**Q** 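To start, I am sharing the structure in question, which I have written as structure tokens.
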There are 4 protein chains.
Amino acid sequence: MPRLTPERREAKRAEIVAAARRCFSRDGFHQTSMPDIAAEAGVSAGAPYRYFASKEEIILTIAGDAFRMIFEPVQRLAAVTDEASIADLATASLTALSVETATDAAGLPVPVEELLRCAVQTWSEMLRNDAVLARATEGFDAVCHSIAGALRRSQSAGAIPATVEPEHGARVVMGLLHGFLLQRVAFGLTDAEGFTDDIRTLLTANRHGSHGEPMS
Amino acid sequence: MPRLTPERREAKRAEIVAAARRCFSRDGFHQTSMPDIAAEAGVSAGAPYRYFASKEEIILTIAGDAFRMIFEPVQRLAAVTDEASIADLATASLTALSVETATDAAGLPVPVEELLRCAVQTWSEMLRNDAVLARATEGFDAVCHSIAGALRRSQSAGAIPATVEPEHGARVVMGLLHGFLLQRVAFGLTDAEGFTDDIRTLLTANRHGSHGEPMS
Amino acid sequence: MPRLTPERREAKRAEIVAAARRCFSRDGFHQTSMPDIAAEAGVSAGAPYRYFASKEEIILTIAGDAFRMIFEPVQRLAAVTDEASIADLATASLTALSVETATDAAGLPVPVEELLRCAVQTWSEMLRNDAVLARATEGFDAVCHSIAGALRRSQSAGAIPATVEPEHGARVVMGLLHGFLLQRVAFGLTDAEGFTDDIRTLLTANRHGSHGEPMS
Amino acid sequence: MPRLTPERREAKRAEIVAAARRCFSRDGFHQTSMPDIAAEAGVSAGAPYRYFASKEEIILTIAGDAFRMIFEPVQRLAAVTDEASIADLATASLTALSVETATDAAGLPVPVEELLRCAVQTWSEMLRNDAVLARATEGFDAVCHSIAGALRRSQSAGAIPATVEPEHGARVVMGLLHGFLLQRVAFGLTDAEGFTDDIRTLLTANRHGSHGEPMS
DNA sequence: CATGAATGAGCATTCATTCAT
DNA sequence: TATGAATGAATGCTCATTCAT
């Protein structure tokens with residue numbers, strides 16, 4: 001008969017995760033100590049160990065969460081896209097990354113900035129942490145799969161060239177998303193519109209027949 | 001031991017840098033200890049401190065080197081591009097990233113894989129290390145500038161739409177490069193061809209009159 | 001381990017201080033390593049850092065304690081002296097320094113020898129450690145002030161010449177105390193009696209008309 | 001056939017000693033590294049080891065020099081004193097410490113401030129370095145002996161009470177000197193006059209029949 | 001003789017983790 | 001169940017000393 005109801009347990013775990021995310025976002029995975037996380041969460045130094053076996057497990061959780069929350073709107077979008085051009089898809093996805101706040105599994109708001117900063121750090125972590133690599137790859141594959149599906153449907157609808165290999169096209173879209181994400185959090189380039197405008201121009205110019213002509 | 005000639009000193013420094021790069025590439029900046037670096041270089045624990053004031057200075061050196069070496073071929077390419085489409089530029093840049101070995105300032109070969117792995121870690125480091133941020137931003141801006149110049153010249157030549165804002169277009173190209181770089185080292189997607197093929201298809205299809213046409 | 005009671009915490013802190021004092025007394029501030037202190041205290045290497053932010057803080061604590069404990073009897077004496085000659089004051093103060101054991105803030109006994117040895121080292125430390133300098137100066141001023149007060153009262157009572165400037169006289173007394181302290185711990189001259197006898201002779205001989213007569 | 005003449009060798013040794021003294025005076029024995037000393041002397045890192053077997057030997061040299069130079073004028077004074085009171089002797093000795101510059105064995109000027117700061121540090125060093133202890137004690141004993149001799153001669157002349165034990169009296173004088181020295185360098189009390197005036201008052205008041213008389 | 005590069009033991013300090021209470 | 005004191009290995013860095021040149 002646990003004194004802690006499963007709900008309260010889950011809530012406390014989520015608080016620790018949120019605290020860890022704030023710390024990681026601010027100071028990085030390796031500059032954040034477990035006592036830092038506990039202090040940020042307002043719990044004792046030992047408490048996190050009742051919810052996570054190790055610091056690595058917290059990192060793993062946060063890495064998985066970050067990718068999931070960041071790309072969830074992209075996946076949702078891809079799921080319902082039937083006739084979009086790649087430009088539409090990329091633009092919509094980038095726009096989806098530009099909100100201020102995402103929502104975690106418990107329904108609590110999380111600043112997207114935090115997620116993005118954790119995501120960039122996760123990329124480093126993937127290089128030498130197989131568990132993180134596996135979790136991130138899983139998420140990546142799922143998103144690519146969604147996008148590839150959208151591309152296939154768009155090809156059926158004639159919105160994009162039949163010669164595009166959907167899996168490859170999905171990787172190009174993901175590349176643009178990751179590239180933009182990096183420019184936003186690491187290089188401080190928060191202007192998504194210029195970015196999306198030019199993607200649109202580059203990818204759709206011809207669809208209206210004429211720009212793309214020599215200009216001067 | 002009398003004075004080291006500047007050449008020998010530089011050579012030894014380069015050896016330590018190379019050892020550090022192997023360690024960082026393998027284990028990450030923060031999982032690599034200074035003794036690890038010294039051991040990898042085959043020198044004593046104190047030796048690296050005769051060439052670098054701190055671990056951070058080694059990281060900074062390697063971060064700067066990595067960006068420089070990775071994007072040097074891209075910059076060289078951009079410098080001579082006059083009439084390329086964005087697809088040509090992106091494809092050529094991605095191809096340039098696909099070599100096995102780069103050459104460092106001393107003329108020694110460096111596995112590109114190592115550089116890329118260090119670059120991804122540098123992205124994390126940028127989030128909370130201002131010196132690394134400054135150095136990386138400097139490199140990023142230089143490459144963007146080169147690419148924007150190439151885009152401007154290509155616009156003059158009519159190879160790309162006049163509506164593309166060169167600075168934004170450069171960011172799109174860099175986004176694709178960073179996105180590909182990440183997919184290669186973190187997600188194990190080393191197949192650059194599929195990636196470049198689809199960029200080409202997506203960006204050039206229309207130039208032959210309508211989307212959906214084969215491109216090559 | 002649940003929370004330590006403040007008493008137990010204080011007791012443990014005092015144990016670490018005592019261990020550090022033994023080490024410092026034996027080996028000096030700079031020849032004593034933190035692991036040495038921990039080992040002497042019978043705790044782990046990290047434990048002292050739960051009670052002190054740094055080695056310097058331990059030194060500062062011990063420096064302050066040493067001066068306080070050493071000169072406490074002198075101050076107590078000065079506070080109640082009304083009609084003593086300088087010889088009485090100096091003699092009584094020197095005698096006060098000649099006990100074997102002092103009592104620390106927690107009421108525990110501390111060998112005076114240890115305190116004196118730490119005090120001498122503190123003098124070196126004052127030359128380049130401003131925090132130690134400030135703490136020691138504070139103590140020095142307080143003791144001088146007490147002694148000056150006693151001198152003033154003794155002047156009112158006619159026990160010492162009116163031409164003595166109390167602040168200067170206090171410095172002379174302190175000079176004798178410090179000088180004796182040094183001779184005792186550094187030069188091994190533990191015979192306080194010869195020292196005090198001659199101070200007495202020198203300072204009081206004439207008061208009864210001719211030098212060399214006992215005074216009271 | 002040494003390429004270095006003994007004179008040049010001695011001169012270089014003296015330069016290293018002077019450099020070390022500046023460093024020790026400024027930063028302390030243990031905060032000064034051997035490279036610091038070499039750099040201050042403008043020689044290579046290995047050079048000091050051709051003149052001194054170890055850092056400790058440099059400390060030993062400087063400790064001995066400091067005591068010798070500081071107390072040389074006192075000894076000279078004591079040697080010629082025949083009829084001085086203790087007050088005269090103490091006052092003259094303190095005055096001798098108040099010059100700006102002393103002269104080393106090679107005839108070069110040395111700031112007295114440096115010597116005093118080194119002397120205070122030597123007191124710490126004596127507590128755990130037997131060689132330093134021996135050298136310092138030797139100097140101390142010699143000075144005490146000189147002073148005791150002066151006291152004896154003054155007793156014969158009737159200038160001081162016969163009941164003063166010359167050895168003890170010498171210790172009292174040395175105590176005053178050490179005490180003043182400490183107040184000057186550690187507590188910043190450079191005013192020797194107030195100090196000596198009051199010694200004089202305290203020790204001589206009665207000799208003119210009653211305390212409280214003006215003394216000068 | 002002199003140089004200064006190299007060594008490597010040693011230091012202050014941190015921190016993930018444990019576990020007695 | 002939760003606490004937070006304790007652990008102790010590990011880290012970045014320094015520096016007295018040596019010795020090849």
Side-chain angles (χ1 to χ4, degrees), chain A residues 1-4 8-9 12 30-39 43-58, chain B residues 1-5 8-9 12 30-39 41-59, chain C residues 1-5 8-9 12 30-39 41-58, chain D residues 1-5 8-9 12 30-39 43-58:
Chain A
M1 226 148 291
R3 277 205 253 301
L4 212 56
R8 283 195 59 73
R9 183 175 166 81
K12 188 152 184 186
H30 301 291
Q31 274 59 42
T32 298
S33 72
M34 288 294 275
D36 287 342
I37 294 171
V43 298
S44 70
Y49 285 91
R50 297 198 61 74
Y51 300 87
F52 300 93
S54 66
K55 186 180 177 180
E56 172 154 326
E57 200 177 290
I58 301 183
Chain B
M1 284 162 201
R3 179 170 348 267
L4 230 47
T5 63
R8 283 193 59 75
R9 184 177 165 81
K12 184 145 189 191
H30 301 291
Q31 272 58 42
T32 298
S33 73
M34 288 296 276
D36 288 343
I37 294 171
V43 298
S44 71
Y49 287 94
R50 291 191 62 76
Y51 298 88
F52 299 93
S54 64
K55 185 181 177 181
E56 167 150 5
E57 199 176 290
I58 302 184
I59 291 177
Chain C
M1 282 162 202
R3 183 173 341 270
L4 231 46
T5 64
R8 285 192 59 75
R9 183 177 165 81
K12 185 147 189 189
H30 301 291
Q31 273 59 41
T32 298
S33 72
M34 289 295 276
D36 288 342
I37 294 171
V43 298
S44 71
Y49 287 93
R50 293 192 62 76
Y51 298 87
F52 299 93
S54 64
K55 185 180 177 181
E56 167 149 5
E57 199 176 291
I58 301 183
Chain D
M1 224 147 293
R3 276 205 253 300
L4 213 54
T5 64
R8 285 195 57 75
R9 183 177 164 81
K12 188 152 182 185
H30 301 292
Q31 274 59 42
T32 297
S33 71
M34 289 295 274
D36 287 343
I37 294 171
V43 298
S44 71
Y49 285 91
R50 296 197 61 75
Y51 300 87
F52 301 93
S54 65
K55 184 180 177 180
E56 171 154 326
E57 201 177 289
I58 301 184

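Note that the structure is predicted; figures quoted are calculated from it, not measured. Numbers restart at 1 for each chain; the letters A, B, ... are given by sequence-line order, proteins then strands.
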**Q** Looking only at heavy atoms, which two atoms of C/A38 and C/A45 are closest? And how far apart?
**A** CB-CA, 3.9 Å

**Q** Round to a whole Å and report the spacing from CD1 of B/I58 to C1' of F/dT11.
**A** 14 Å

**Q** Under a 3.5 Å cut-off for both distances, is F/dA6 Watson-Crick or wobble paired, and to whom?
**A** E/dT17

**Q** Using whole Å, report how far CG of D/D36 lies from P of F/dC15.
**A** 7 Å

**Q** Donor-acceptor pair, distance only, cut-off 3.5 Å: does the side chain of A/K55 make one with the backbone of A/T32?
**A** yes

**Q** Please compare B/R9 and B/A45 by the position of their nearest nucleotide in DNA chain E and report the one closer to 5'.
**A** B/R9

**Q** Nearest heavy atom decides the nucleotide; on that basis, is D/A47 or C/M34 closer to the 5' end of DNA chain E?
**A** D/A47

**Q** Respond yes when some side-chain nitrogen or oxygen of D/K12 is under 4.0 Å from OP1 or OP2 of E/dC1, and no when none is.
**A** no

**Q** Using whole Å, what does the distance between atom C1' of nucleotide F/dA6 and atom CG of C/L4 come to?
**A** 10 Å

**Q** Between D/R50 and E/dA2, is there a contact of a side-chain N or O with OP1 or OP2 at under 4.0 Å?
**A** yes

**Q** Got a second to check how far B/F52's CZ is from B/I59's CD1, nearest 0.5 Å?
**A** 11.5 Å

**Q** Work out how far the C1' atom of F/dT21 is from that of E/dC1, and round it to whole angstrom.
**A** 12 Å

**Q** To the nearest Å, how far apart are A/I37 CD1 and E/dA16 P?
**A** 8 Å

**Q** Please state how far atom OH in B/Y49 lies from atom C1' in E/dG10, giving the value in whole angstrom units.
**A** 14 Å

**Q** From C-beta outward on C/S44, which listed nucleotide comes closest to its side chain: F/dG8, E/dA12, E/dA6?
**A** F/dG8

**Q** Could you say whether B/E56 or C/V43 is positioned toward the 5' end of DNA chain F, judged by the nucleotide with the nearest heavy atom to each?
**A** C/V43

**Q** Atom CZ in C/R9, atom OH in C/Y51: separation rounded to 0.5 Å?
**A** 5.5 Å

**Q** Using atom CD of B/Q31 as one end and atom P of F/dT11 as the other, report the distance to the nearest whole Å.
**A** 10 Å

**Q** Please indicate whether D/Q31 has more than 12 foreign heavy atoms, meaning atoms of other residues, nucleotides or ligands, lying under 6.0 Å from its CD.
**A** yes

**Q** For B/Y51, report the nucleic acid contact type (base, sugar-phosphate, nothing); a contact means any heavy atom under 4.0 Å.
**A** sugar-phosphate

**Q** Rounded to whole Å, please give me the gap between NZ in A/K55 and P in E/dC15.
**A** 8 Å

**Q** Check the distance between F/dA16's P and C/H30's NE2 and give it to me in whole angstrom.
**A** 13 Å

